[in-house]
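Everything on this sheet refers to the single structure shown next.
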Amino acid sequence: MSLTKAERNIILSMWGKISTQADAIGTQALERLFASYPQTKTYFPHFDLHPGSAHLRTHGAKVVAALGDAIKSIDNISGALAKLSELHAYVLRVDPVNFKLLSHCLLVTVASHFPADFTADAHTAWDKFLSIVSCILTEKYR
Amino acid sequence: MVHFTAEEKAAITSLWGKVNVEDAGGEALGRLLVVYPWTQRFFDSFGNLSSTSAIMGNPKVKSHGKKVLTSFGDAIKNLDNLKGTFAKLSELHCDKLHVDPENFKLLGNVLVIILASHFGKEFTPDVQAVWQKLVAGVATALGHKYH
């Protein structure tokens, strides 16, 4: 599965808007993840996970920055995320099912912030993009 | 079995009261068919599904979407007995329609995304969590009679 030219363009153009609120979006996506799927909190015993915590804001910003890196190298997402892929495989070892959960929460967050831009085609493009990112982050697991 | 507190029920019904079931139903089913094109396998008789605009404008998609979401509304009136409410529909989806229950999860999540885009800030993480519980409960209830 790979992005069509049109899908790439949708993501690049929406990224312009999203990146101006990157930290808030990352933080909110994580808040949504922990509220809807409490089992995901098991990966963060060392964090203060109360909404608005510094940990959440820092980590949310980090997650969205990484997506930004992938988008800036949208023709070579594998290369852009190589180090993160190794980190997830050898150190973090987050169960693959959780990438779908975070991806869904990212889509919900983007949809709630940018409803006019989040057309059916944009929904498809972002769902595909996050699937591709999830694949790359788990491809070295075994 | 899924259990909803009084607060959760109130959160669900208050949001649902503001939803246009016809529009949201068409939107939800349309997006399912656009974002996950393999789901079109169940709708050969629906005519033109060849592009995003064809799907979103297709009158059969809109009408079926309305039917599906109306049924969802019935669930909301019977939150304490989702399995009973959906027993017959579960049998239908297994025996006649042959729908993989995985599709119920896909549609549920598309519905959550549509609610997020309609309600914006009002669709807080806590409100979303209640709706995730509901769509999961509906998906489970619809899969309950499978054999």
Side-chain angles (χ1 to χ4, degrees), chain A residues 1 3-4 6-7 10 14 21 24-41 49-53 56-57 60 97-132, chain B residues 2 7-8 11 15 23-24 26-40 49-58 61-62 65 102 105-137 139:
Chain A
M1 167 172 54
L3 297 168
T4 64
E7 287 163 349
I10 288 173
M14 280 182 73
Q21 299 182 47
I25 285 176
T27 306
Q28 196 187 102
L30 289 177
E31 283 174 3
R32 289 182 184 278
L33 181 71
F34 298 136
S36 284
Y37 310 107
Q39 68 275 19
T40 56
K41 294 190 285 187
L49 293 178
H50 292 104
S53 79
L56 270 186
R57 277 182 279 119
V97 71
N98 294 289
F99 292 92
K100 278 197 180 178
L101 303 181
L102 178 56
S103 295
H104 173 65
C105 289
L106 279 160
L107 291 179
V108 170
T109 307
V110 170
S112 75
H113 278 80
F114 305 102
D117 299 282
F118 203 72
T119 61
D121 284 339
H123 183 165
T124 306
W126 281 99
D127 192 290
K128 264 175 91 167
F129 169 69
L130 292 173
S131 280
I132 290 167
Chain B
V2 67
E7 290 78 19
E8 288 172 336
L15 203 83
D23 289 347
E27 182 80 27
L29 186 61
R31 282 195 184 228
L32 181 76
L33 299 174
V34 167
V35 179
Y36 309 108
W38 54 94
T39 58
Q40 293 170 23
L49 298 179
S50 61
S51 68
T52 302
S53 53
I55 292 170
M56 300 309 287
N58 183 309
V61 170
K62 288 185 186 191
E102 184 62 28
K105 295 181 194 171
L106 287 180
L107 182 61
N109 278 336
V110 167
L111 179 61
V112 165
I113 285 172
I114 282 166
L115 293 175
S117 73
H118 284 195
F119 292 103
K121 272 203 164 99
E122 196 182 336
F123 201 70
T124 63
D126 285 343
V127 169
Q128 179 192 347
V130 175
W131 278 86
Q132 296 290 169
K133 213 173 142 176
L134 173 59
V135 301

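These values consider heavy atoms only, across backbone and side chains, with no hydrogens, waters or symmetry-generated copies. So that the names make sense, note that chain A is the first sequence line, chain B the second, and so on, each numbered from 1.
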- Query: So what's closer than 4.5 Å to chain B heavy atoms on A/Y37: side chain, backbone, both or neither?
  - Reply: side chain
- Task: Could you check which of A/A29, A/A116, A/S36 has the highest count of heavy-atom pairs closer than 4.5 Å to chain B?
- Result: A/S36
- Note on the structure: The side chain to side chain donor-acceptor pair (under 3.5 Å) partners of B/E122 (sequence neighbours excluded) come to B/K18
- By side chain to side chain donor-acceptor pair (under 3.5 Å), A/T4 pairs with (sequence neighbours left out) A/E7
- Message: For a quick test of reading the model, state the closest non-hydrogen atom pair linking B/A11 to B/W131 and the distance between them.
- Response: O-NE1, 4.4 Å
- Please flag which part of B/Q132 lies under 4.5 Å from any non-hydrogen atom of chain A: side chain, backbone, both or neither. side chain
- Message: How close do A/V108 and B/V112 get, counting heavy atoms only, and between which atoms?
- Response: CG2-CG1, 3.9 Å
- Item | B/F119, part contacting chain A, at a heavy-atom distance under 4.5 Å | neither
- Message: Among A/E31, A/K128, A/H104, which residue has the highest count of heavy-atom pairs closer than 4.5 Å to chain B?
- Response: A/H104
- Message: Taking every non-hydrogen pair under 4.5 Å, which of B/P125, B/P37, B/G30 racks up the most with chain A?
- Response: B/P125
- Would you tell me whether A/Q39 and A/N98 have side-chain atoms, one donor and one acceptor, within less than 3.5 Å of each other? no
